[in-house]
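Note sheet for the following structure.
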Protein chains: 2
Amino acid sequence: MNKFKPIKQTRASEEVLVQLKEAILRGHYKFGDKLPSERELTEQFQVSRGVVREAIRVLQINGFVVIRQGPTGGAYVAEWAFDQLSSGFMDLYLSGRLTIPELNQVRLHIEPEVARLAALNVTDAFRQRLKEDLAAEREPTTFRADYRQRLTRVHFTLLEMCGNYLFEAIVNSMISLTHRIVAAIEPEDHNSLHPVGEHDLIVEAVLAGEADRAAREMRSHLETFFHRMHDIDEAFRLSPAMVSTVFQQG
Amino acid sequence: MNKFKPIKQTRASEEVLVQLKEAILRGHYKFGDKLPSERELTEQFQVSRGVVREAIRVLQINGFVVIRQGPTGGAYVAEWAFDQLSSGFMDLYLSGRLTIPELNQVRLHIEPEVARLAALNVTDAFRQRLKEDLAAEREPTTFRADYRQRLTRVHFTLLEMCGNYLFEAIVNSMISLTHRIVAAIEPEDHNSLHPVGEHDLIVEAVLAGEADRAAREMRSHLETFFHRMHDIDEAFRLSPAMVSTVFQQG
DNA sequence: TCGATTGTATTGGTCTTACATTTAATGTTA
DNA sequence: TAACATTAAATGTAAGACCAATACAATCGA
């Protein structure tokens, strides 16, 4: 006969983590706010400093807070967005569970829909941004990373336009993953992988509010891009150099 | 002129985390394997035990390892799958960034495609499983959670059938989130939210290998389900009781 | 002999104390 | 006034002790 309940099955650090995380998610601590110092938290939670640090470390790694040292230092609530999802997808890829063709298949199914929705939500402000994005692509540049960044501005703008935060979160994370892979396999002549001007037809359709055409153009763009990506990838596949490159971007 | 790079910008615990995580992702430690004990890692990394613990705590929270105490205890590599993605979506919802209609819109766009792909990949083994899943729905039950579990077996089987691990990861996580929300708002008479037999037409189409029809049936099923879900949700929206219920499932 | 109990060693969980490092703010000196 | 030194507040790291859980071996009793 077992009359009594077990006392503690959860780790103290997890309790602290849950409470801090809930406080952040509920908005009790907003972006930029500073959590109490470690010593303060040890008093409030009545646990040791090590326990508090374990909880805060988890929050930091998962992107909920950034930590600074010194006076005015501490754990500050970060503008977290897709960090957790991104690293989730990343880990799926790095562990070998997720292949590039699978990734591309999903993007190929979702992003045309994003473009379609974007065309339905077009406003003057967005029209302006899309034009700026296209112009930015043409600017001369020296750094490859910078170039890639500007080539995806159109995609990110369309994501915001589609009006669905979950689509935005998922596709944003998938684009991040694609970036990282491309950074490892991209040839010297990066213009051959993604020439400038490939977004023109998409934007044109979106600006005109033609939803279905926007979806078709997006699909067509992705198909050609993925095709090139696949060709280049084959040369590097299983190359130890590439694998370590992807890891090192951690 | 700053010719030299800073020596250490990363925290020791992050270094340890990266190395352990990479070892797991690379498959150096496989499912079920045991990481060295904390005291052993302390010696190998030449850092204090607290540093090692912070790293391991992150691995544990993110689902990469499970930890047991006692002799034969330690950090064992877990069969991690979608934990990180699931909690990522969960946090988006709990923080209020993601709404239920947005979630449903995405599911409504992706899951018909999953059903379509499943119909193309049908095998005898999967045929058998689908029939079992449908039969399981009919079995009498007492626990609501158990009932929900069995009602989604068809969805999970279709996910496996679609042959794309990323689709599986995303939709699996979204279904988990839906479950959690439903658990908070579900009425006593749970059969009204998702009556038995709603999957029959989907499975019928998949078994016949009719891809487009499978997609249509899936879409139709989700539309009616989300419609009911929406009606019920309105009654509970902003109810403090519900919000805390969702949090408590953490 | 068998079974229950007890001891024991190992491993994670927590606490404490001390010191190092970083850094904003303040004070001080040339 | 500007450059430099001091201070203090916060995180970062280290080391040691002890608690808690538990698999396994040893012991004891019927």
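Convention: sequence-line order gives letters A, B, ...; per-chain numbering from 1.
In this structure, CZ of A:R57 is placed 17 Å from P of C:dG13, rounded to the nearest angstrom. The interatomic distance linking B:R53 (CZ) with C:dT16 (C1') rounds to 15 Å, in whole Å. As rounded to whole Å, 7 Å separates atom P of D:dT22 from atom CD of B:Q69. Summarising the geometry, the separation between CD on B:Q46 and P on D:dA14 is reported as 9 Å, rounded to the nearest angstrom. Taking atom CD of residue B:E43 and atom P of nucleotide D:dT13, one finds them 19 Å apart after rounding to whole Å. Across the protein-nucleic acid pair, B:E38 atom CD and D:dA14 atom P stand 15 Å apart, rounded to whole Å. Protein atom CD of B:E40 is 19 Å distant from nucleotide atom P of C:dA9, rounded to whole Å. Following rounding to the nearest Å, B:E15 (CD) and D:dG12 (P) show an atom-to-atom distance of 14 Å.
For C:dC15, the OP1/OP2 oxygens have a side-chain nitrogen or oxygen of A:S48 closer than 4.0 Å. A sub-4.0 Å separation between OP1 or OP2 of D:dA14 and a side-chain N or O of B:R49 is absent.
If you check every strand for non-hydrogen atoms under 4.0 Å, A:E54 touches nothing. Within 4.0 Å (heavy atoms only), B:G50 reaches no atom of the nucleic acid at all.
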### Query
Would B:N62 and A:N62 satisfy side-chain hydrogen bond (donor to acceptor under 3.5 Å, both in side chains), going step by step from the backbone distance to the final call?
CA-CA 9 Å; B:N62 287 2; A:N62 286 3; 3.3 Å; yes
### Query
When you look at B:E160 and B:T157, which way does the side-chain hydrogen bond (donor to acceptor under 3.5 Å, both in side chains) test go after all the steps?
CA-CA 5 Å; B:E160 281 184 49; B:T157 300; 5.8 Å; no
### Task
Start with the C-alpha distance between A:E54 and A:R57, add both sets of side-chain angles, then the distance that settles salt bridge (Lys or Arg N to Asp or Glu O under 4.0 Å), and finish with yes or no.
CA-CA 5 Å; A:E54 283 179 16; A:R57 174 71 58 248; over 6 Å; no
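Of the candidates C:dA24, D:dG12, C:dT10, C:dA24 carries the atom nearest the A:P71 side chain, counting heavy atoms from C-beta on. The side chain of B:R39 lies closest to C:dT11, out of D:dG12, C:dT10, C:dT11. Of the candidate nucleotides D:dT13, C:dT14, D:dA20, D:dT13 has the atom lying nearest to any side-chain atom of B:R11.
Aromatic ring centres of B:Y165 and B:F82 lie closer together than 6.0 Å.
Comparing B:R68 and A:G70 along DNA chain C, the residue whose closest nucleotide (by nearest heavy atom) sits nearer the 5' end is B:R68.
Side-chain contact between B:F89 and A:I170 is present, with at least one heavy-atom pair separated by less than 4.5 Å.
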